[in-house]
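All heavy atoms count here, side chains included; hydrogens, waters and symmetry mates do not.
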Amino acid sequence: MSVWAFGLNHHTAPLDLRGRFAYAVDQIVPTLRGLRESLVRQPEATLLSTCNRTEIYCAGEHNDLEQTLHWLAQNGGVHIDVLRSHAYTLHDDQAARHAFRVASGLDSMVLGEPQILGQMKEAVRAAEDAGAMGTTLHQLFQRSFAVAKEVRTSTEIGAHSISMAAASVRLAGQLFEDLGDIKVLFVGAGEMIELAATHFAAKNPKSMAIANRTLERGEKLAGRFGAEVMRLADLPDRLHEFDAIISCTASTLPIIGLGAVERAVKRRKHRPMFMVDLAVPRDIEPEVKALPDIYLYTVDDLAQVVQTGKDNRQAAVAQAEVIIDAGVQNFMHWLDQRRTVPLIQQLNAQADEWRALEISRAKKLLAKGESIDSVLEALTRGLTQKMMHGAMAELHASDATTHDATAQAVSRLFLRGQTPKVRPTAPAPQDGKEH
């Protein structure tokens, strides 16, 4: 059994390329099924897709990494060489180490952020729903969750970290003198928007509004913050009312276009607008950034802000890596043991065959009137002979060069805890004469 992983993230690929391979929650199951159907051997598979990464983890008897790469390139409408130049491929212990580091927040843009662990758990549930989760990946991810828990409880990896939501507030504070005087619009109603709304609400802005495709979900979130609710369709006509706009939806196409923002700027008489696009793919057309009086930031633009305090957490990173090393070793030991499973199954089948044969013979002897003692004697003798036959045959058949190794192997298997009585093989004469 082999484990491999393939992916691209904020370290290796620009935002727009990542956007081509970003999958919404409801797309994960059909995407996984499509991937497995494209592979002849249909390995175990899990797809992790967030704003900062898209990763595929697989496990199977044969490594189908190249076929996986071709399928993903085609699925994202990108030439395979382009995808290959921005992606990473990992095998066995490297794949396990990467999964453990991701779960622990060590590979995140925000070092130690906790959201990635929940996202990985959602990816595992989606794989289970798609029928793509097997024993090997189940072990990999359950161990990654355990390692992440130990890292977060035993180190200060998450201490003093600044989330994307908090970074947005910090940047807004640099543009506006008093956040209590601004009107804030949140586009979307997911976890990231909820975090952003929580941080902005703490600054007591003049007003807050939430625009969402479904009013019901928007109303539920707005109720927590005393915010207004509006439909996405109303955005173009009301965009000018807001000083700060934070957007993060699962839309595959931009929902705030250049034209709408140009009109909003004119109606605002060129008062500045602060915009943060936390979505991948983008919610706001990139051309908006070039407009005067517009301050637009993407997830990649926020990278420098969220690095604050990272140097202070390097000791925690070193401690976390030690925990991860131990986790990788334990997983690889388990994986190595799994590779002997077919042999163990074969041995058990052989033993069951011998047992059934001897029981059948014993029943026939009992039917003939043989005593129980003699039948038990014959049954145990038959089983013993069958169990010992292979070892005895190897000992008698081995030549001088292999006899000692065979004898040691037999001793380990059948004389555990005893000192074997083996005469050492006489060394071959050096002069060609008998002694």
Side-chain angles (χ1 to χ4, degrees), residues 1-3 36 39-45 58-64 92 127-143 146 329-429 434-435:
M1 184 67 69
S2 177
V3 176
R36 297 183 76 225
L39 302 175
V40 176
R41 288 177 279 263
Q42 296 201 355
E44 301 176 26
C58 294
E61 293 183 7
H62 302 278
N63 190 317
D64 290 325
D92 293 332
E128 291 171 344
D129 292 342
M133 179 64 66
T135 303
T136 302
L137 286 189
H138 176 78
Q139 278 289 324
L140 174 68
F141 285 108
Q142 292 307 313
R143 288 168 184 264
Q329 291 177 11
N330 290 335
F331 174 74
M332 291 308 298
H333 177 68
W334 176 85
L335 192 61
D336 288 338
Q337 288 182 320
R338 289 287 299 172
R339 291 180 176 127
T340 63
V341 167
L343 177 59
I344 293 172
Q345 291 173 335
Q346 193 174 3
L347 286 171
N348 284 332
Q350 179 67 83
D352 285 341
E353 183 181 333
W354 289 340
R355 182 177 61 85
L357 181 60
E358 293 304 322
I359 287 177
S360 177
R361 288 178 178 173
K363 288 179 178 179
K364 290 178 181 179
L365 291 174
L366 288 172
K368 291 180 180 179
E370 297 284 344
S371 69
I372 292 178
D373 288 343
S374 63
V375 171
L376 288 175
E377 181 72 22
L379 184 147
T380 54
R381 187 185 305 111
L383 279 175
T384 303
Q385 288 174 345
K386 286 179 172 60
M387 292 172 59
M388 299 296 294
H389 174 73
M392 295 298 189
E394 287 296 319
L395 282 172
H396 291 310
S398 59
D399 56 25
T401 58
T402 61
H403 184 273
D404 287 350
T406 303
Q408 290 174 8
V410 170
S411 297
R412 286 198 306 272
L413 293 171
F414 295 97
L415 300 176
R416 297 173 68 90
Q418 299 183 41
T419 303
K421 299 177 181 179
V422 181
R423 291 181 180 178
T425 304
E434 294 186 5
H435 295 271

message: I'd like to check Gln385 versus His389 (side-chain heavy atoms, cut-off strictly below 4.5 Å). Are they in contact?
response: no
- request: For Thr402, enumerate each residue passing the side-chain contact (heavy atoms from CB on, under 4.5 Å) test, keeping only those at least two apart in sequence or located in another chain.
  value: Ser398, Asp399, Thr406
Closest non-hydrogen atom pair between Ala45 and Leu137, with its separation: N-CD1, 3.5 Å
- prompt: Which side chain to side chain donor-acceptor pair (under 3.5 Å) pairs, counting each pair once, include a residue from residues 130-139, with sequence neighbours left out?
  reply: Gln139-Arg143
- request: Find the distance between CD1 (Ile372) and CG (Leu379) and round it off to the nearest 0.5 Å.
  value: 12.5 Å
- prompt: Rounded to the nearest 0.5 Å, what separation is found between the CH2 atom of Trp334 and the CG atom of Asn330?
  reply: 12.5 Å
field: salt bridge (Lys or Arg N to Asp or Glu O under 4.0 Å) against Glu377, all qualifying residues, sequence neighbours excluded
entry: Arg381
- prompt: Could you state the interatomic distance from SG (Cys58) to CZ (Arg36), rounded to the nearest 0.5 Å?
  reply: 9.0 Å
Residues 350-358 side chain polar contacts: donor-acceptor under 3.5 Å, at least two apart:
{"from": "Glu358", "atom 1": "OE2", "to": "Arg361", "atom 2": "NH1", "distance (Å)": "3.3"}
{"from": "Glu358", "atom 1": "OE2", "to": "Lys386", "atom 2": "NZ", "distance (Å)": "2.5"}

statement: Glu370 meets the side-chain contact (heavy atoms from CB on, under 4.5 Å) criterion, sequence neighbours left out, with Leu365, Ser374, Val375
- line: Rounded to the nearest 0.5 Å, the CE atom of Met392 sits from the CZ atom of Phe414 at a distance of 8.5 Å
query: Between atom OG of Ser371 and atom CG of Leu376, what is the distance when rounded to the nearest 0.5 Å?
result: 8.5 Å
- prompt: For atom CD of Gln337, is the number of surrounding heavy atoms from other residues, nucleotides or ligands below 6.0 Å larger than 12?
  reply: yes
field: For Glu44, all residues meeting salt bridge (Lys or Arg N to Asp or Glu O under 4.0 Å), sequence neighbours excluded
entry: none
message: Would you say that Asp92 contacts Ser2 through its side chain, given a criterion of any heavy-atom pair below 4.5 Å between the two side chains?
response: yes
